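All of these numbers come straight from a predicted model, not from anything done at the bench.
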Amino acid sequence: MTNSTLNPPVSLTVSRNGGTPTTETCDLLVVACEPRNLIGICDYTPAELDLFSKFKNYTFHTTLVKVQVPATPPRFGIILSPQEIENMAGHVSGYRNETAKQFSLETANGMTENLVTVYQLQGPETKPMTEQEFLDNLNATLPTLEWWPYPDYEIVTDPAQLPVDLRTPYFDHFDNAGLRSGGPWEYLDLQGKNNTIYVHGSTCFESVLQCWQYGGMLIENQGRLGWSLPDRKDAKIIVLGAGPSGMMFAHRLKELKYTNVEILESTGRFGGKTHTVTYDTPSPNGDVTACELGTCYLSPAYDAMASHFADCDFMKDNIREGMYLTPNHKDPKGETIRGMTTANQFDGVPMPAPLIDYTEYTLLKGYYEANKPFADPAKWMDGFDADKLKLEMLLKLLEYDALLALYRGLTLPMPLSPPEELLQYDSFYDFLEKNDLLLLTGMLEYAYSVQGYGPLKQIPAYYGLIWISLPLTIGMIFSDKPSVTVLSKGWLDIWKRMAATLNITLNAKVTAIDRAT
């Protein structure tokens with residue numbers, strides 16, 4: 001990529017706030033939006049179009065509901081249904097009680113009403129359901145679920161009487177064929193060409209963490225990757241998309257002393273797939289409840305990013321609260337909060353109760369997967385020893401870490417060259433099975449799938465090892481911090497503070513991009 005800024009090579013036609021379109025130029029174009037949204041607008045090369053055509057994505061839908069707490073309060077504040085995750089048919093796959101998340105399950109159960117986020121996930125094989133179809137599906141199926149504890153509920157609406165929900169294309173990724181043909185590394189090869197770089201989640205992984213790491217990896221490895229930022233600090237840089245990836249990369253550029261960076265956002269809001277909505281009622285004491293319809297959790301893997309954000313004052317008074325304390329997975333008041341459904345998870349043996357505690361599930365599922373088939377299915381639990389299993393799982397987690405370092409290396413968030421051996425596995429489950437790690441199935445099933453990233457038997461092993469990374473597992477084993485935390489003010493508060501330091505133009509419609517390719 002040339003560093004000359006005498007003749008800026010990228011030309012954009014932009015309309016701001018419904019105004020007359022104007023043409024302007026920039027020295028560097030940063031695509032932080034879904035790159036497929038620019039097809040027909042940007043003069044993509046055949047190589048770019050071919051790469052983007054290989055993307056697979058899910059459709060994720062979350063809905064906020066207000067529930068009446070029943071006379072017999074629920075045992076869990078969060079429930080995940082592995083079977084519905086495996087089906088990926090758009091049915092309700094779980095929920096998170098936002099009131100319990102914020103104030104503890106004991107407090108939530110002592111109230112009259114709670115706020116609950118319900119989530120649904122649809123796979124890529126069928127036409128994406130519309131927002132209304134997701135809502136119709138929710139209303140038809142929610143009352144029939146034996147693990148849904150709130151018979152009296154209503155969908156929360158905003159002042160315009162519209163449902164508070166989020167429907168979004170989710171987790172752009174490559175299937176095994178796309179990975180084996182080099183998809184993520186073809187993406188790396190495109191970086192800097194035509195004075196364009198890509199930082200959208202499709203480059204590596206959907207999460208905020210990997211987007212932050214990927215931006216840092218690009219900047220730190222410019223020479224190795226064959227591109228470079230402009231020499232002049234006043235060079236004009238346009239970032240397309242004010243989601244987390246675009247804002248975080250613009251923030252990095254500001255830290256590098258670039259003074260002429262503008263983010264163009266096509267909608268009327270920043271934050272992308274972060275959708276934090278806050279309510280002061282119902283509340284036990286008038287405090288605000290931060291309900292997350294999008295970005296939600298942090299883990300020990302986020303520590304470096306969170307520390308950097310804190311140093312920049314983006315997390316002021318937005319404390320990280322422990323939701324499930326290792327190893328008992330409890331909320332801030334010490335209450336067990338997670339439950340797992342068992343339907344179709346223990347085929348061929350007497351099934352445990354339909355709904356069990358997360359810790360019990362991880363032990364049973366790991367024991368089942370590691371020991372099936374059983375000579376006598378009726379006696380499949382005869383060798384079960386919970387304390388012994390916990391120790392064995394710890395040792396298997398250390399084995400996983402060793403294999404992770406071997407197969408995908410230590411570069412975050414992804415290796416700079418294809419990990420050929422890792423790409424030969426058919427799925428994350430296949431990787432666990434062939435490396436004698438099935439004892440970890442239940443634990444990793446939740447840690448991976450609860451985020452909406454797909455089931456272990458369908459997702460390529462590569463993505464499993466990207467998400468279940470060394471910082472995450474080491475934190476789970478050795479850190480005295482909670483294994484999962486949430487933000488007391490929600491994720492959107494971070495982006496609001498960051499946005500105040502950036503130049504963001506909302507409602508900016510880009511209708512043409514000419515990079516003189």
Side-chain angles (χ1 to χ4, degrees), residues 54-56 171-189 201-207 209-214 216-218 220-221 224-225 299-304 362 366 369-370 392-451 453-479 483:
K54 297 176 184 177
F55 286 158
K56 307 292 182 182
F171 189 28
D172 286 352
H173 63 279
F174 299 99
D175 60 14
N176 278 321
L179 288 171
R180 290 165 184 165
S181 67
W185 301 277
E186 290 179 18
Y187 227 149
L188 274 182
D189 290 341
S202 58
T203 56
C204 175
F205 202 85
E206 180 84 10
S207 82
L209 175 62
Q210 271 77 23
C211 289
W212 182 74
Q213 291 173 336
Y214 191 89
M217 183 187 77
L218 285 184
E220 292 163 11
N221 292 277
R224 185 173 177 181
L225 295 174
S299 73
Y302 286 70
D303 283 353
T362 59
E369 292 288 348
E392 290 177 353
M393 288 174 69
L394 175 62
L395 295 175
K396 288 297 183 183
L397 202 54
L398 292 172
E399 289 182 30
Y400 172 90
D401 284 344
L403 289 169
L404 189 151
L406 174 67
Y407 277 114
R408 54 143 292 190
L410 301 179
T411 304
L412 294 175
M414 59 176 283
L416 295 180
S417 58
E420 301 292 350
E421 289 186 78
L422 176 59
L423 300 182
Q424 300 313 306
Y425 292 101
D426 292 330
S427 68
F428 195 16
Y429 183 90
D430 183 43
F431 168 82
L432 298 176
E433 183 176 33
K434 290 180 178 176
N435 287 285
D436 193 25
L437 295 173
L438 288 178
L439 197 61
L440 300 177
T441 303
M443 177 191 298
L444 299 184
E445 190 174 58
Y446 186 95
Y448 183 85
S449 297
V450 74
Q451 318 293 335
Y453 300 141
L456 302 191
K457 290 185 177 181
Q458 295 181 35
I459 199 69
Y462 172 79
Y463 290 110
L465 272 73
I466 291 291
W467 178 243
I468 311 295
S469 63
L470 202 60
L472 173 59
T473 56
I474 292 297
M476 290 168 62
I477 297 170
F478 297 109
S479 177
S483 60

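Lys396 contributes a side-chain N or O that, together with a main-chain N or O of Asp436, makes up a donor-acceptor pair within less than 3.5 Å. Without hydrogens or angle criteria, Asp401 side chain to Leu470 main chain gives no donor-acceptor distance under 3.5 Å. A donor-acceptor pair is defined here as one N or O able to donate and one able to accept, closer than 3.5 Å; such a pair exists between the side chain of Tyr400 and the backbone of Ile468. For the pair Ser449 (side chain) and Tyr446 (backbone), a donor-acceptor distance under 3.5 Å is absent.
Nearest heavy atom pair, residue Gln210 against residue Cys204, reads CG-SG, 4.2 Å. Pro419 and Trp185 make their closest contact through CD-CZ2, 3.4 Å (heavy atoms, listed as atom of the first residue, atom of the second, distance). Minimum interatomic distance between Thr411 and Met217 (heavy atoms only, all atoms of both residues): CG2-SD, 4.2 Å. Nearest approach of Met414 to Arg408, heavy atoms of both residues: N-NH2, 4.1 Å. Between Asp175 and Lys56 the shortest heavy-atom distance is OD2-CE, 3.3 Å. Nearest heavy-atom pair across Arg180 and Leu423 is NE-O, 2.7 Å.
Distance check: Ile474 CD1 to Leu404 CG gives 9.5 Å after rounding to the nearest 0.5 Å. Note that NZ of Lys457 and OG1 of Thr441 are 8.5 Å apart. Values are rounded to the nearest 0.5 Å. Of the inter-residue distances, the one linking Ile459 atom CD1 with Phe428 atom CZ reads 10.0 Å to the nearest 0.5 angstrom. Here Ser181 contributes atom OG and Glu186 contributes atom CD; the two are 5.5 Å apart, rounded to the nearest 0.5 Å.
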Exercise. Report the C-alpha separation of Tyr453 and Ser207 in whole Å, then their side-chain angles, then the decisive distance to 0.1 Å, and conclude whether the side chain to side chain donor-acceptor pair (under 3.5 Å) test is met.
Key: CA-CA 10 Å; Tyr453 300 141; Ser207 82; 4.7 Å; no
Self-check item: Leu438 and Tyr429: CA distance, side-chain angles, deciding distance, side chain to side chain contact (heavy atoms under 4.5 Å, CB included) verdict
Solution: CA-CA 8 Å; Leu438 288 178; Tyr429 183 90; 3.6 Å; yes
Show me the donor-acceptor pairs, under 3.5 Å and distance only, between side chains in residues 460-467 and residues at least two apart or in other chains.
from   : atom 1 : to     : atom 2 : distance (Å)
Tyr463 : OH     : Phe174 : N      : 2.9
Trp467 : NE1    : Ala447 : O      : 3.0

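With sequence neighbours left out, Tyr407 forms a ring pair (Phe, Tyr, Trp, His ring centres under 6.0 Å) with Tyr425, Phe431.
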